[in-house]
Amino acid sequence: MDEIAGIPPLPTEPFGLADDKLHEECGVFGVFNHPEAAALTALGLHALQHRGQEAAGIVTFDGTQFHAERRLGLVGDHFNRKGVIDNLRGNMAVGHVRYATVGETALRNVQPLFADLDIGGCALAHNGNLTNALTLRRELVSSGSIFQSTSDTEVIVHLIARSRERRDGFMSRLFDALRQIEGAYALAALTRKRLIGIRDPLGIRPLVIGKLGDATILSSETCALDIIGAQFVREVENGEVVEISDQGIDSHRAFPAQPARPCIFEYIYFARPDSIMGGHCVYDVRKGLGRELAREAPADADVVVPVPDSGVPAAIGYAHEARIPFELGIIRNHYVGRTFIEPEQRIRKLGVKLKHNPTPSISVEGKRIVLIDDSIVRGTTSTKIVAMMREHGAREVHMRIACPPIKYPDFYGIDTPDTGALLAANHDVEGMRRILGCDSLAFLTVDGTYRALGQPRRNPDHPQFTDHCFTGDYPTPLRDWDGPEPGQQHRLSLMAV
């Protein structure tokens, strides 16, 4: 494995602004049977960059040997050079972009993880979180396993390596490992003979199959298929294991059949607007969220203004339904990232203007504004944006949020704060309104969210989506949190960096 040692973690974003948004999970991409597998994977990961900006990696196989490049930083910072791609030889590849929700940001946690097993090499890329990873890790360590990372994904590698299932080689060991893990996962695995795609029993995390000529593609989202010119074939179904080899595509059922419950936040926030999920165009869903919000929470206003970029589709839908003019009244600076030099204390008060600034040609003075955003986490950025609108003369500021209040933390791959830092978990709507400083505040209801996704309402007996951040209804056991030592569990940073 080709690694760069001693690179420190990336610095946090200034002013804590990043902490006021939900952070993406991860993205996986795989290619089978294409002479430019590495280059296609780099392009696919670039399209999935929104799912993770801390690290990227690619592993290939050339028929004899595995090759790997794993780097901290963005895909385009490392996988844009011919020499790097040329070193990743082979017609099979698997890649990963990462945002760390389990384990610290360090090179040892950059995926795909690679293991040289007694049955051959295996590279594994994982989107999601295991909710019993710490429990399993302790059992494995006590029985002699030696971990090299602090990622929950390595637990899966050890379970495969130690499995006593020998009947069908790698696949029987993989199934044995899958029967032991819990939580949310979309996996892409590469062995000497096959590319494998796996989706958790509820299909919480997404995974799709594409075709490019004779090549078969795995991807977290369809937008990555588009960038390489591949054709969307279908989604990997919940609980399905897809085995791609020279013999074609074989589908296996790893678990008893049950209804899928995909993550509702993929539609609200995480997926790229140009992706298709569950048969829905994500962009259309987000406009539908705005339309439902306008019906449920109308406001007497002169203009609808989105909080960019995530609030734009919902604001378009709101404005259309409410028959209120839409304006891009706030411009977002896309180039304020984790490498920005933190300014001196004397100019920290500029805060939110590093990312958001009013559009000069759109006067808000004396106007009643509806501010549309996709979600509120801590509320710090929303507070500053409301204040900024008032500073520029807005007469009234009405805030509308295109999802229900986020009251509960996530343990499936979304980096949400603890309950104590979630604004909606500690205040009612009126309390939040006072903190934000707006004239009115309203959230989309849970049933309104479901209607935007084509459902008449949420079925409380059999929910159609994973929506625990709103409802507290966690779809899987939370073994690492409900066990004998609750509270320390969702991070496996057991070693010093």
Side-chain angles (χ1 to χ4, degrees), residues 21-22 263-271 273 278 280-308 310-327 329 367-377 379 382 385-386 389 394 396-408 422-425 427-460 463-473:
K21 279 292 183 183
L22 300 175
C263 177
I264 203 164
F265 260 112
E266 292 287 352
Y267 297 94
I268 295 170
Y269 184 78
F270 287 120
H280 300 284
C281 172
V282 173
Y283 176 74
D284 290 340
V285 170
R286 291 176 186 169
K287 286 199 300 182
L289 293 169
R291 287 193 295 269
E292 290 292 337
L293 184 60
R295 296 177 190 128
E296 292 186 351
D300 290 329
D302 304 307
V303 64
V304 173
V305 174
V307 177
S310 56
V312 172
I316 292 172
Y318 190 102
H320 183 268
E321 182 69 23
R323 299 182 183 277
I324 300 173
F326 169 92
E327 293 283 3
K367 291 183 179 179
R368 300 167 300 171
I369 298 172
V370 182
L371 274 179
I372 306 289
D373 207 351
D374 64 324
S375 59
I376 290 180
V377 184
S382 300
I385 290 176
V386 170
M389 292 292 97
E396 296 176 7
V397 180
H398 303 276
M399 195 140 206
R400 298 292 183 265
I401 307 302
C403 77
I406 300 172
K407 297 181 178 180
Y408 305 92
L422 291 170
L423 190 67
H427 303 276
D428 60 14
V429 174
E430 174 58 21
M432 288 188 279
R433 184 200 66 77
R434 290 196 299 268
I435 291 169
L436 298 179
C438 50
D439 292 279
S440 71
L441 172 67
F443 294 81
L444 185 62
T445 64
V446 172
D447 281 345
T449 306
Y450 274 69
R451 284 193 297 270
L453 283 158
Q455 302 290 334
R457 65 186 63 85
R458 182 183 193 267
N459 183 340
Q464 303 94 316
F465 297 95
T466 294
D467 58 9
H468 50 275
C469 288
F470 311 137
T471 64
D473 181 3

side-chain hydrogen bond (donor to acceptor under 3.5 Å, both in side chains) involving His280 - partner list, sequence neighbours excluded
none
Who pairs with Arg368 by salt bridge (charged side-chain N to carboxylate O under 4.0 Å, His left out), at least two apart in sequence or on another chain?
Asp302
Which heavy-atom pair separates Thr471 from Tyr408 by the least distance, and what is that distance?
C-CE1, 3.5 Å
Residues in ring pair (Phe, Tyr, Trp, His ring centres under 6.0 Å) contact with Tyr450, at least two apart in sequence or another chain:
Phe465
Quick one: pull up CE in Met389 and CD in Glu396 and give me the separation to the nearest 0.5 Å.
15.0 Å
For Asp300, what residues pass the salt bridge (charged side-chain N to carboxylate O under 4.0 Å, His left out) criterion, not counting sequence neighbours?
none
Measure the shortest side-chain to side-chain distance between Met399 and Met432 over non-hydrogen atoms and say whether it is less than 4.5 angstrom.
no
Taking side chain to side chain donor-acceptor pair (under 3.5 Å) as the cut-off, I'd like each qualifying pair that reaches into residues 314-326, sequence neighbours left out, listed once.
Arg295-Glu321
In Å and rounded to the nearest 0.5 Å, what is the CG to NZ distance from Leu423 to Lys407?
11.5 Å
Residues Lys367 and Glu327 bridged, charged N to O under 4.0 Å:
no
Non-hydrogen atoms of Ala402 and Leu289 that approach each other most closely:
O-CD1, 3.9 Å
Listed by chain and number, what are the salt bridge (charged side-chain N to carboxylate O under 4.0 Å, His left out) partners of Arg286, not counting sequence neighbours?
none
Within the 4.5 Å heavy-atom criterion, are Leu441 and Ile401 side-chain neighbours or not?
yes
Minimum heavy-atom separation for Ser382 and Leu436, please, with both atom names.
CB-CD2, 3.8 Å
